[in-house]
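Order of the sequence lines sets the chain letters (A, B, ...), proteins ahead of strands, with each chain counted from 1. Every heavy atom of this structure was used, including side-chain atoms; hydrogens, water molecules and symmetry mates were not.
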There are 2 protein chains.
Amino acid sequence: MELLVTLDRDAPDPLHRQLERELRDAVCEGRLASGAALPSTRALASQLGLSRGVVVEAYEQLVAEGYLTSLPGGATRISTRIAARPPVATSRSEATRHRIDLGYGRPDVTEFPRQSWLRSLRRVLNEAPSDRLSYLDMRGAPELRETLTSYLNRVRGTVTHPEHVVICNGFAQGLGLVSQLLQGRGKGTIAIEDPGQPEPALVARVHGLTTVPVPIDDEGIVVEALRRTNADMVVVTPAHQFPTGAVLSPGRRAELVAWAADGDRLILEDDYDREPIGAVHGLAPDHVIYAGSASKTLAPGLRLGWLAVPGRLVDELAAIKESTDRGSASLEQLAFADFLERGEFDHHLRRMRPIYRARRDTLLAALRRHLPELEPVGASAGLHVIAWLPAGIDEQPLVQGAARAGVGIYGLRPYHSVQATARPGLLFGYGTATETEIEEGIRVVGEAFDAVRSAPTAAATGR
Amino acid sequence: MELLVTLDRDAPDPLHRQLERELRDAVCEGRLASGAALPSTRALASQLGLSRGVVVEAYEQLVAEGYLTSLPGGATRISTRIAARPPVATSRSEATRHRIDLGYGRPDVTEFPRQSWLRSLRRVLNEAPSDRLSYLDMRGAPELRETLTSYLNRVRGTVTHPEHVVICNGFAQGLGLVSQLLQGRGKGTIAIEDPGQPEPALVARVHGLTTVPVPIDDEGIVVEALRRTNADMVVVTPAHQFPTGAVLSPGRRAELVAWAADGDRLILEDDYDREPIGAVHGLAPDHVIYAGSASKTLAPGLRLGWLAVPGRLVDELAAIKESTDRGSASLEQLAFADFLERGEFDHHLRRMRPIYRARRDTLLAALRRHLPELEPVGASAGLHVIAWLPAGIDEQPLVQGAARAGVGIYGLRPYHSVQATARPGLLFGYGTATETEIEEGIRVVGEAFDAVRSAPTAAATGR
């Protein structure tokens with residue numbers, strides 16, 4: 001048997017480790033056939049110019065690991081038990097990259113305040129006590145819960161306490177934790193906004209809960225319709241309904257809170273954007289789970305989110321967080337606490353506000369110019385605008401037409417639970433596109449719109 | 001009505017925001033009674049020396065948020081819908097702090113390489129492309145999957161590929177992801193080692209799976225007993241069985257792999273410690289999910305873990321990771337990739353090895369000196385040692401006696417699934433205690449042991 005083995009006498013790794021690795025690779029790659037006998041340690045040592053001890057050590061290690069078998073008095077053989085190296089699964093296709101993407105949901109990460117975030121990380125690594133690098137309280141680092149509480153109470157109008165805050169890895173995880181909590185209490189139905197975000201329905205289903213859609217109008221969620229459901233919890237976006245942009249009216253806020261209080265129900269308030277209107281949480285902190293995250297304000301890659309929960313639920317949620325992943329990463333939490341504490345977060349938001357406002361203004365102006373028949377709706381805030389389509393024009397051909405010209409826009413259908421009543425519309429995100437890209441993108445959408453309108457419809461041509 | 005409002009004309013916040021916050025706090029704290037009428041905007045403006053517009057703006061905001069109600073032609077009133085601020089739930093009791101803790105499972109975080117980790121973070125923040133701060137491929141950052149794959153294949157003897165690696169937030173989350181995968185396939189039984197870690201049973205139960213214990217002997221898990229179960233997956237610690245320290249023998253490795261291959265079953269290999277013996281993964285990469293983490297080698301606070309999975313499962317696991325928390329934090333992943341790439345991880349492990357070895361030697365010497373009747377067992381590796389107790393001595397009085405003297409040690413009962421056959425023993429961790437603490441701690445345990453042995457037993461005194 002010929003063994004092709006490459007050893008590097010100058011490498012930092014000891015020779016027996018190198019030999020071991022070479023042999024293991026040869027076995028795994030099928031170069032050494034299953035069941036074949038290896039040269040004796042003496043023969044291989046002489047062939048490679050090694051001391052016999054080196055070969056013995058490598059063989060012994062591979063016998064212990066199951067690659068080789070060795071019977072007393074017999075040859076050392078390649079184990080017959082080794083499976084062939086499996087083929088590499090083909091990588092999933094990447095999401096289509098558009099030349100210009102007017103998709104929703106991502107802030108402009110090119111503006112992430114890298115240097116001030118690094119300063120916060122440096123302070124944390126230089127100053128944090130060592131125990132902060134071990135497992136933390138499952139609710140999260142006390143420093144962050146403290147700072148975040150005073151920030152949210154001051155800026156978002158919540159009424160919470162550091163003991164009632166649970167740090168999580170963004171909204172999706174928060175939703176999962178709350179779903180598990182409901183599941184554990186045998187409460188099974190979550191009301192969701194229609195149209196609304198698709199995540200709550202997906203996550204609820206994973207945890208064996210059912211969802212019931214509740215319609216949205218200009219004042220936000222229709223609480224009268226919510227009352228007719230058997231929901232134990234509702235997921236709402238009161239400050240800026242997603243995707244319609246409706247602001248929950250004062251009357252509806254009162255009705256919503258009454259709905260929760262009347263039946264010991266919960267409101268999960270997704271404060272996904274930073275809007276000028278305060279949180280519902282402050283009106284009924286014992287019935288509202290307030291959820292926020294840094295994904296739309298700083299960067300999704302941080303995976304930083306938080307829940308401010310009624311005191312009676314906090315221990316249970318912390319226990320669920322523990323069984324889920326034993327708490328969130330500590331350096332990121334401490335860095336964010338420092339970043340908030342020093343006003344860097346406010347500074348970043350203030351810096352971004354005129355940038356996003358200019359993009360929104362550009363978008364609205366471009367819509368007026370290139371798509372005058374569309375009706376933009378919703379509050380002038382956030383990172384997106386929606387517009388209803390005129391009668392007879394559907395989303396899909398428009399989205400496809402724009403995509404063929406390299407521009408990503410998105411229809412509203414995927415956000416509707418009840419497709420039959422879904423009014424066709426488009427969603428334009430301006431978080432990541434420049435003003436030039438927005439102007440150009442909308443011009444392209446305008447051309448797609450004209451093409452769709454002038455095309456003979458299937459009905460007209462009798463097809 | 002007297003309104004006590006404090007405004008700071010020099011503060012950066014505009015006056016209407018300050019007034020709004022003061023009023024909101026007064027409502028939430030019950031200082032302004034539910035239903036009470038507020039002064040007119042004109043009256044309050046004159047009382048506070050503000051322009052009327054400031055008061056109008058603050059009232060309007062609070063009406064929008066639901067704190068105040070305002071009917072045309074009527075007074076602005078405090079909403080009757082506001083719940084009283086709920087009491088703060090009392091904080092859960094902290095885990096008892098021992099003077100000396102010989103608990104298991106934590107590395108010495110005081111030795112965390114803060115400066116080299118900071119250097120990696122700095123490089124990442126200075127050099128990483130912006131899209132790395134947005135949502136990543138749900139399997140994790142490609143840089144880390146690449147570096148980790150070559151590291152694991154080289155050092156741990158796995159045979160994996162970057163496409164087959166899924167980054168997660170530590171072992172507990174990895175276990176949760178895999179449990180969800182089994183649940184989704186309608187496969188419901190997980191075999192666990194007995195004695196073994198308690199986490200797999202807890203996490204499996206959360207996901208509606210059942211567990212079946214399989215005994216351990218000197219060669220690790222008894223595969224013959226595993227064959228008699230109906231398990232779809234087994235969770236094993238082959239390199240260094242937890243807690244017994246047994247190393248899975250070559251014969252058992254082959255049997256285990258055959259068990260999995262015979263019935264399309266899975267092996268979840270928890271490579272929790274960094275041990276000299278290679279992973280089972282390399283023998284059957286199509287049947288083994290290899291799990292590792294930085295919790296025992298660097299710091300639990302990083303929440304960095306990884307799964308190397310059979311190619312046919314990777315898309316499904318990535319989708320489960322997405323619905324769980326939309327991926328792990330990116331900066332930490334990129335920093336770890338840099339840290340690995342530059343050899344800092346190996347450097348840290350090499351630096352820690354003699355430190356832990358000296359602690360283990362001190363522990364074993366102290367056991368011989370102060371507790372000669374105990375039998376330490378298991379491989380000389382990892383961060384803990386276990387010892388069986390002589391007949392007639394139970395764990396609980398010893399653990400309690402040591403705790404009264406300020407020393408934390410732990411019994412093995414909590415790690416047994418089948419209590420009837422559980423042999424009493426103690427687990428000594430040396431990850432976080434200094435050599436002086438270990439010597440002193442074992443001396444105290446020795447005293448507790450003598451006290452327990454000389455105490456009249458319940459049986460002897462007839463009680």
Portion of [X] that has a non-hydrogen atom of chain A nearer than 4.5 angstrom:
X	value
Arg326(B)	both
Gln115(B)	side chain
Glu199(B)	side chain
Ser328(B)	backbone

Identify which part of [X] has an atom lying under 4.5 Å from any heavy atom of chain B, answering side chain, backbone, both or neither.
X	value
Ser79(A)	neither
Pro129(A)	backbone
Leu133(A)	both
Leu248(A)	backbone
Asp108(A)	neither
Glu111(A)	neither
Ala279(A)	backbone
Val124(A)	backbone
Arg252(A)	neither
Gln333(A)	neither
Leu302(A)	both
Tyr67(A)	both

Which residue out of [options] racks up the most heavy-atom pairs below 4.5 Å with chain B?
options	result
Asp13(A), Val63(A), Leu304(A), Leu298(A)	Val63(A)
Gly170(A), Gly327(A), Ala141(A)	Gly327(A)
Gly184(A), Pro300(A), Ser330(A)	Pro300(A)
Gln61(A), Glu322(A), Gln183(A)	Gln61(A)

Top contributor to chain A interface from [options] [non-hydrogen pairs under 4.5 Å]:
options	value
Leu68(B), Asn169(B), Leu202(B)	Asn169(B)
Ser70(B), Ala128(B), Ala261(B), Ser249(B)	Ala128(B)
Val280(B), Asn126(B), Thr432(B)	Asn126(B)

If you look at every heavy atom in [X] and [Y], which pair is closest and at what distance?
X	Y	answer
Ala64(B)	Pro250(A)	CA-CG, 3.7 Å
Glu65(B)	Ile277(A)	OE2-C, 3.7 Å
Leu125(B)	Arg114(A)	O-NH1, 2.8 Å
Leu118(B)	Arg122(A)	CD2-CG, 3.6 Å
Val155(B)	Arg17(A)	O-NH2, 3.8 Å

Rounded to the nearest 0.5 Å, the CG atom of Asp325(A) sits from the CG atom of Leu175(B) at a distance of 12.5 Å
Requested in this report: Nearest 0.5 Å please: distance from the CZ atom of Arg154(B) over to the CG atom of Asp25(A).
Outcome: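 Result: 11.5 Å between the selected atoms.
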### Query
Going by heavy atoms in the side chains, are Val203(B) and Thr324(A) under 4.5 Å from each other?
no
Q) Tell me, do Val109(B) and Asp131(A) make a side-chain contact under 4.5 Å, heavy atoms counted? A)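 Side-chain contact under 4.5 Å: no.
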Audit row: Val206(A), Gln180(B), side chain to side chain contact (heavy atoms under 4.5 Å, CB included) steps and yes/no: CA-CA 9 Å; Val206(A) 166; Gln180(B) 280 185 61; 3.6 Å; yes
Q: Check the pair His207(A), Ser323(B) against side chain to side chain contact (heavy atoms under 4.5 Å, CB included), reporting the backbone distance first and the verdict last.
A: CA-CA 11 Å; His207(A) 295 286; Ser323(B) 81; over 6 Å; no
- Task: Start with the C-alpha distance between Leu331(A) and Leu331(B), add both sets of side-chain angles, then the distance that settles side chain to side chain contact (heavy atoms under 4.5 Å, CB included), and finish with yes or no.
- Result: CA-CA 10 Å; Leu331(A) 292 179; Leu331(B) 292 180; over 6 Å; no
Do Arg303(B) and Glu332(A) sit within salt-bridge range, that is, some charged N less than 4.0 Å from a carboxylate O? no
